[in-house]
Every structure is written in C-alpha cells, then in structure tokens.
There are 2 protein chains.
Amino acid sequence: MPPKGTFFNLPRAKQDRILAAAVREFAENGYRRASLNTIVQRLGIAKGSLYQYFANKEGLFLHVFDRFTDLVKEMLASQVKNGPEADFFRQIQEALLAGLRFIDNQPDFYRIYLRVLFEEDVPRRRELLGKVRLFSMEYFGGLCARAQINGIIRPDLPCPMVVFLMESVLDRFLQAYASPDHDNGLGLAALSAIDRDQAVTQTIDVLKNGLGRVKAEG
Amino acid sequence: MPPKGTFFNLPRAKQDRILAAAVREFAENGYRRASLNTIVQRLGIAKGSLYQYFANKEGLFLHVFDRFTDLVKEMLASQVKNGPEADFFRQIQEALLAGLRFIDNQPDFYRIYLRVLFEEDVPRRRELLGKVRLFSMEYFGGLCARAQINGIIRPDLPCPMVVFLMESVLDRFLQAYASPDHDNGLGLAALSAIDRDQAVTQTIDVLKNGLGRVKAEG
DNA sequence: TCCTTATGTGACCGGGTGGTCATGTTAAGA
DNA sequence: TCTTAACATGACCACCCGGTCACATAAGGA
C-alpha cells in the first residue's frame, strides 16, 4: 500500500512537510492514537487531500516507516564501509556510537521505531520489524561469525545467543539515551559528552570482559 | 484513587472476577485502548455498576497495578529469604529464574507491567514505575555493593552502571520469553525447559565473564 | 408491613476517530 | 475561449469511547 501517484506529483517541499508532520504525530502518539485530524490541521490542508495522497492511515504510516528503513540502510552502509576488518569490540562500539548519532539526528524516527517495537496494534508489525531485524542480524551475525573464527570471542556460544546478548545491552543503552524513563536512574540522557563516552566504553568493556573481577591477562 | 468502599463489600469471588476481567483487558490492550464496555460485557454487569465500585477508568487501573506490586513484593520477599549470602552471580541467576516463574504464573500481570513501561499514556506512570524500580534498585543495588566489597565483581564500575547493565540483560531475557517479538529470532519462548535453563546459565556466564575469549583462570 | 438506604441498570451524552463524497477550484490541451 | 480531467475541500457519516443519572430493584430495621 504505497502512496498514490498524486503524492509524488507534489512539489518535493510539500512532500517533505507532509512527511514531517506525519513523523511527528506518529512519534508523539504511536500508530493508533495518532490523529489524521491533527496532522491535516497542522499542515493547513483538508483531510480529503491527505486521502488523495494515501489510501488510508495505514498507507501514510507505511510510507513513514519506509523512510525509516531507508535511513537505517544508509547508516549501516556507511558503518560497513568503515573498516570491516577492525576489531570485533571496536566495531560494536562504533555501532553503538552510530546509534547515538542516529537518535541525535532523527529522534522522532527512533521513537517511531520504539513504538512499533512495543505497541501491538501497528499494521504489518511483524513485517516491518522483520525488515529492520534482517539488517541487524546480517550485520551482527556476520561480525560474530568472523570473530569466532578469529578467536576474538568465545567459541562456546552460538551466534544467535551472542547477538541476542549484545543487542540486549546496546538496545537498552539507546532506549535509555532516547527516553530517560528507561534508564533506571542512571541519567544517561543528561550526561555530558565526556561522561557519555565513558559509559559507552564501560559498556563495551563489560560486554567483552564481564562484570566479574578482572582475571589475569590472557 | 482507591476503589470505593462498595467494591470491598462485594463477595470476594465477585471482586476476583472483576479484577480478572480488568487484568485481561488491560493486558491485551494497554491502558488507553482498554474498553470498559468490553469489561462489563464480559462480566455481564452494567457499566453503572463498575462506576459504583471505582471512580473511573483510572481508579480501576490503579487497583489492578496495586495488585501487581503486591505480587512483586511477595516475590522479592521470598527471594531475599533465600540465602542472602550466596554468591552474587548465583543470586542474579535466581532472580532471573524467579522472573521466568512469575511470567509463567502471571503472564497478564507481566504484560501490564510492560505496557506501563513502554506506553506513555498511562495515568501516574512515573509514580507506578517508580514503585517497582525502587524494589529492584534496593535489591540489585544492595547485591552490587556487597559484591564489590567482597571482591566478587570488578570495583571500577559504579553500582548504578552495574545495575543498569545487569537489568538490560535480565529484562530483555524476560521480555523475549514473554513475547517472541522481542527475541531476535532466538526463539526463547519456544525452548524446551532444558534449553531454556542452558540459555539462563549462558546468559549469567556472559554477565560474569563477558563475550571475549576466556582468559586464563585467575 | 412499610419506609429508607444501598446497590444495580442501561439509555443517553459529548467528544473524538477514520473515512467518504458531492462540490468547488485549478490547470492544461484544443 | 471552451472542455475536460485532476486536484482540493470540509461537512458529514457511522462508530466507539468514558462517563452520567434517573430509575428499578433488593435489603434491612422498626
């Protein structure tokens, strides 16, 4: 259910304004509670017009999410370009930093992603999440496989488990950064750039060496 | 905004039926989308009656969440009772297993908790989450402090950071167990009891020793 | 028995929603 | 200039919501 042809006939600037208004509304309210009335009101256009660009609410939302996956694809592409043969944990750290930059640059898109992740009444939810996960599974899965071959990470864990644990920590870090409700009093979002970078370093170090008392160097 | 006195005048069985219907509806739909019409319809009572027991939707919901915090309190109490001087990682593992049991026994209550955690339009959200977090901060924060004194975990990380990282992993594990949408293809929810226990063990081991190649024993 | 109080009832209200469509407006080709 | 097709408009629709309230019913004391 892509946008109708009429949408792409619009001047690019107007397309962008409509997209921005939709992104804002969906980010602030999630899919179900987002109001088309509010969107058209803020845009100063008639509701009928919106329905001439998109078949319905779902069509508008899918267009918004498509733009999100485009942005993720861009990000991953530039990430892969950066030294694919770097150290495993170095790359994980870069991925986390890239996530933080994404949130800084596109906070509303990230909020929409979280909405889809945690709200059940989103159209084609499985399909949408599947797309994003495919990206991350390919990227992190590949990293893990190579790192195990190179002996950089322990070989006794299956890669899906490794990816799961890594993503647990990275995702939560990003969630806490994006919405203070999710860091349990750590205050990640309010940290200075220096302290934030230290938190990143510590997080990656724990992923590498664990919480246990540091052993003798191997 | 507690239930009105009339609610507690009801036979216990009817109180329980009403609670169960509300729990189900809030678990399935979250706060905003949950429908009082649906609840009274399933209960076979008039909407006016519900408003004689509770001031409004918010009052009903707060009663439901209160029962949830009661259950959490019970769980933590029995958890603390179990060997408080056991090994740190052993206790973390027990906490994770207790979480899994809670989900098995009270799946709807756990879903409601997740709703509150991830949906913004919940009345008194900060207050409700604060209560639960207080429990967990006290428990895990205490564990961390003692474990650092005893030299069981590395001393270079502040406890809030340790708790944050621990909870990242434990919470995500529980979320994945409760709703397959949140494990990235790992299939935690569908695992056999044996495989599930192995996943628990591996998870705790990674928290302790990290993902890096295992060093020489210290 | 009768009166009073407490409890149960569901039609009804105002408000917001996604979606429609007859009508008005604009623009282009002949 | 006239015709025709594409686009813009907002009043309107059916639906569902949380919440109200005048009224019916049941219960308990005298």
Side-chain angles (χ1 to χ4, degrees), chain A residues 1-15 17-19 21-22 24-26 28-65 115 119-125, chain B residues 1-19 21-26 28-65 115 119-125:
Chain A
M1 200 179 291
K4 299 183 179 176
T6 51
F7 179 70
F8 294 113
N9 291 345
L10 259 38
R12 179 63 58 97
K14 189 165 186 180
Q15 290 183 35
R17 277 190 63 229
I18 293 173
L19 180 73
R24 173 181 167 189
E25 181 68 8
F26 282 123
E28 286 177 353
N29 300 294
Y31 178 77
R32 191 82 171 209
R33 206 160 74 93
S35 159
L36 298 187
N37 290 332
T38 301
I39 292 177
V40 297
Q41 203 172 321
R42 284 209 266 247
L43 284 170
I45 67 174
K47 183 147 56 158
S49 298
L50 201 54
Y51 274 87
Q52 229 143 11
Y53 309 145
F54 301 93
N56 49 29
K57 191 181 188 178
E58 180 177 336
L60 173 60
F61 178 74
L62 293 180
H63 177 63
V64 166
F65 200 88
R115 299 276 191 185
E119 294 177 8
E120 286 174 17
D121 51 355
V122 173
R124 312 214 196 180
R125 182 163 172 264
Chain B
M1 199 179 292
K4 299 182 179 178
T6 51
F7 178 70
F8 295 113
N9 292 344
L10 261 36
R12 179 62 59 98
K14 189 167 185 180
Q15 290 181 35
D16 290 346
R17 277 190 62 230
I18 292 173
L19 180 73
V23 165
R24 174 182 167 189
E25 181 67 8
F26 283 122
E28 287 177 352
N29 300 293
Y31 177 76
R32 190 83 170 210
R33 207 160 73 93
S35 160
L36 299 186
N37 290 332
T38 301
I39 293 177
V40 297
Q41 202 171 322
R42 284 208 266 246
L43 283 170
I45 68 174
K47 183 149 54 161
S49 298
L50 201 55
Y51 275 86
Q52 229 143 12
Y53 309 145
F54 301 92
N56 48 30
K57 190 180 188 178
E58 181 177 335
L60 174 60
F61 178 74
L62 293 180
H63 177 63
V64 165
F65 200 88
R115 299 276 192 185
E119 293 177 8
E120 287 173 19
D121 50 357
V122 173
R124 311 211 197 185
R125 180 164 174 264

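Throughout, protein chains are lettered first and strands after them, A, B, ... in sequence-line order, and every chain is numbered starting at 1.
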With sequence neighbours excluded, residues passing ring-ring contact (aromatic ring centres under 6.0 Å, His included) with Phe65(A): Phe68(A)
Residues which pass salt bridge (charged side-chain N to carboxylate O under 4.0 Å, His left out) with Arg42(B), listed by chain and number, not counting sequence neighbours: Glu25(B), Glu28(B)
Span of DNA chain D, from the first to the last nucleotide whose atoms fall under 4.0 Å of chain A heavy atoms: dC7(D) to dG10(D)
For Asp16(B), all residues meeting salt bridge (charged side-chain N to carboxylate O under 4.0 Å, His left out), sequence neighbours excluded: none
By salt bridge (charged side-chain N to carboxylate O under 4.0 Å, His left out) - contacts of Arg115(B) (at least two apart): Glu120(A), Glu119(B)
All pairs passing side-chain hydrogen bond (donor to acceptor under 3.5 Å, both in side chains) where residues 47-60 of chain B contributes a residue, at least two apart: Asn37(B)-Lys47(B), Glu58(B)-Arg124(B)
Nucleotide-resolved protein contact map, nucleotides 4-22 of chain C, B/S/- at heavy-atom distance under 4.0 Å: ---BBBB------SBBBB-
Any residue meeting side-chain hydrogen bond (donor to acceptor under 3.5 Å, both in side chains) with Ser35(A), in chain and number order, not counting sequence neighbours: Thr38(A)
Contacts of Gln41(B) that satisfy side chain to side chain contact (heavy atoms under 4.5 Å, CB included) - sequence neighbours left out: none
